[in-house]
Amino acid sequence: MDQAQQLREAVNLRNQTSTEKEKKVARVIAVTSGKGGVGKSNISVNLAVTLRNMGQKVIIFDADFGLANVEVMFGTVPKYNLSDLIYRGMSIREIITQGPQGIGFISGGSGIIGLNNLGRNQILYLVKCIEELNELADYIIIDTGAGISSQVLEFLKVSPEVLLVTTPDPSSIADSYSLLKALFKNPGYVKGHTKVHLLANKVSSKDEGAGIYEKLDTVVSKFLEEDLDFYGIIPEDNQLEKAVKQQKIVSLMYENAKSTKAFKELAERILNNDKDVNQKRRWGISKIFSEILSGKA
Ligand SMILES: Nc1ncnc2c1ncn2[C@@H]1O[C@H](COP(=O)(O)OP(=O)(O)O)[C@@H](O)[C@H]1O
Ligand SMILES: [Mg+2]
């Protein structure tokens with residue numbers, strides 16, 4: 001048995017014990033896009049706030065190493081990040097920063113890059129710590145960062161649910177297609193493994209959003225033989241921009257903004273399909289990490 005296989009077995013054993021105890025598993029949603037600047041961080045944070053207001057416990061994991069803008073929106077600079085857990089033995093609770101409304105926030109920081117070079121014991125420790133998030137959250141929202149970097153693809157490939165953000169900008173639609181192609185044609189990708197929900201952001205109408213979805217879904221089913229799901233729209237909203245400029249969160253600041261209403265619809269859609277989310281698709285955050293990491297060991 002090679003090292004990666006041994007590790008996978010050690011980690012699987014952990015996952016098995018937790019299902020035996022029928023532990024609750026937090027639902028993981030990875031927010032991604034083909035290119036940057038399309039609204040991922042805004043969507044992650046506003047979705048978190050809205051789900052929180054609906055009574056859900058939420059943790060945001062900021063895995064965008066380049067642009068850590070969740071912290072800007074929360075107005076709190078996290079003291080610690082994932083590397084404090086991996087290299088300095090801190091616990092998962094210690095590296096969670098408290099954001100508004102009691103939303104937890106974990107910064108991947110430079111720890112994300114270090115994930116490529118971990119040893120077996122570090123991996124087992126990390127996966128064990130990550131597993132604790134299931135007790136602390138009902139929803140874990142991962143802001144993945146943009147683009148077809150192998151780091152982002154590794155995440156998406158093993159994530160049960162991906163929220164793909166696209167704007168009407170033709171280059172955004174083209175970049176979304178490129179990302180989906182890189183994901184679905186990735187050698188390690190198992191057909192049907194990742195459910196991709198499209199969210200059309202910065203649109204002028206529901207019809208415009210539906211048009212983007214139809215366009216993408218058509219080419220994806222024709223050329224990539226997978227299908228997309230549609231999660232609706234967030235309208236272009238100058239109140240959202242106004243909030244961003246003040247480093248505030250639109251759904252906390254402007255209750256009647258059209259984007260605030262759209263975030264409510266999105267959160268409701270997500271809560272409502274909770275029951276329908278295939279049990280098989282409901283694998284937890286620790287499995288996501290263990291799959292990424294054991295592949296690298
Ligand atoms: N629905 C929207 N309406 C208006 N402006 C938006 C909307 N969504 C995003 N933006 C603008 O786009 C910018 C980039 O958003 P951000 O969430 O930081 O993108 P990403 O995380 O994908 O790089 C924001 O600063 C905001 O001004
Ligand atoms: Mg961002």
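Remember, it's 1-based here, ligands and their atoms both numbered in the order they're listed.
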So the atoms of ligand 1 within less than 4.0 Å of a heavy atom of V244 turn out to be 25 (O)
Taking heavy atoms and a distance under 4.0 Å, where does N42 meet ligand 1: side chain, backbone, both or neither? both
For ligand 1, is there an N or O atom under 3.5 Å from any N or O atom of G37? yes
Geometry only, no angles: is D143 polar-contacting ligand 1 at N/O separations under 3.5 Å? no
Short N-O contact, K222 and D217, less than 4.0 angstrom: no
Are K185 and E225 close enough for a salt bridge, meaning some N to O gap below 4.0 Å? no
Distance-only N or O hit between ligand 1 and G39, under 3.5 Å: yes
Do you see an N/O/S atom of S41, backbone or side chain, under 2.8 Å from the Mg ion (ligand 2)? yes
Run the salt-bridge test on K128 and E131 with the 4.0 Å N-O cut-off and return the result as yes or no. no
Does S91 form a side chain to side chain donor-acceptor pair (under 3.5 Å) with E94? I'd like the steps, not just the answer. CA-CA 5 Å; S91 71; E94 284 171 308; 3.2 Å; yes
Indicate yes or no: does K57 engage E135 in a salt bridge with an N to O separation below 4.0 Å. no
Quick check: does I234 get an N/O under 3.5 Å from an N/O on ligand 1? no
Heteroatom proximity flag, S41 to ligand 1, N/O under 3.5 Å: yes
For F289 and F155: C-alpha separation, side-chain torsions, deciding distance, then whether ring pair (Phe, Tyr, Trp, His ring centres under 6.0 Å) applies. CA-CA 8 Å; F289 270 83; F155 248 108; 5.8 Å; yes
Side chains of T32 and T144: any donor to acceptor distance under 3.5 Å? yes
Taking only non-hydrogen atoms of E241 and a 4.0 Å limit, the atoms of ligand 1 in range are 4 (C), 5 (N), 27 (O)
Assess S259 for proximity to ligand 1: is some non-hydrogen atom of it under 4.0 Å away? no
Side-chain ion pair, K24 and D138, N-O less than 4.0 Å: yes
Decide whether an N or O pair under 3.5 Å exists between N201 and ligand 1. yes
N/O of P235 under 3.5 Å from N/O of ligand 1, yes or no? yes
Determine, for E268 against K264, whether the closest basic-nitrogen to carboxylate-oxygen distance falls under 4.0 angstrom. no
Using a strict 4.0 Å cut-off to heavy atoms of E236, name the atoms of ligand 1 that fall inside it. 3 (N), 4 (C)
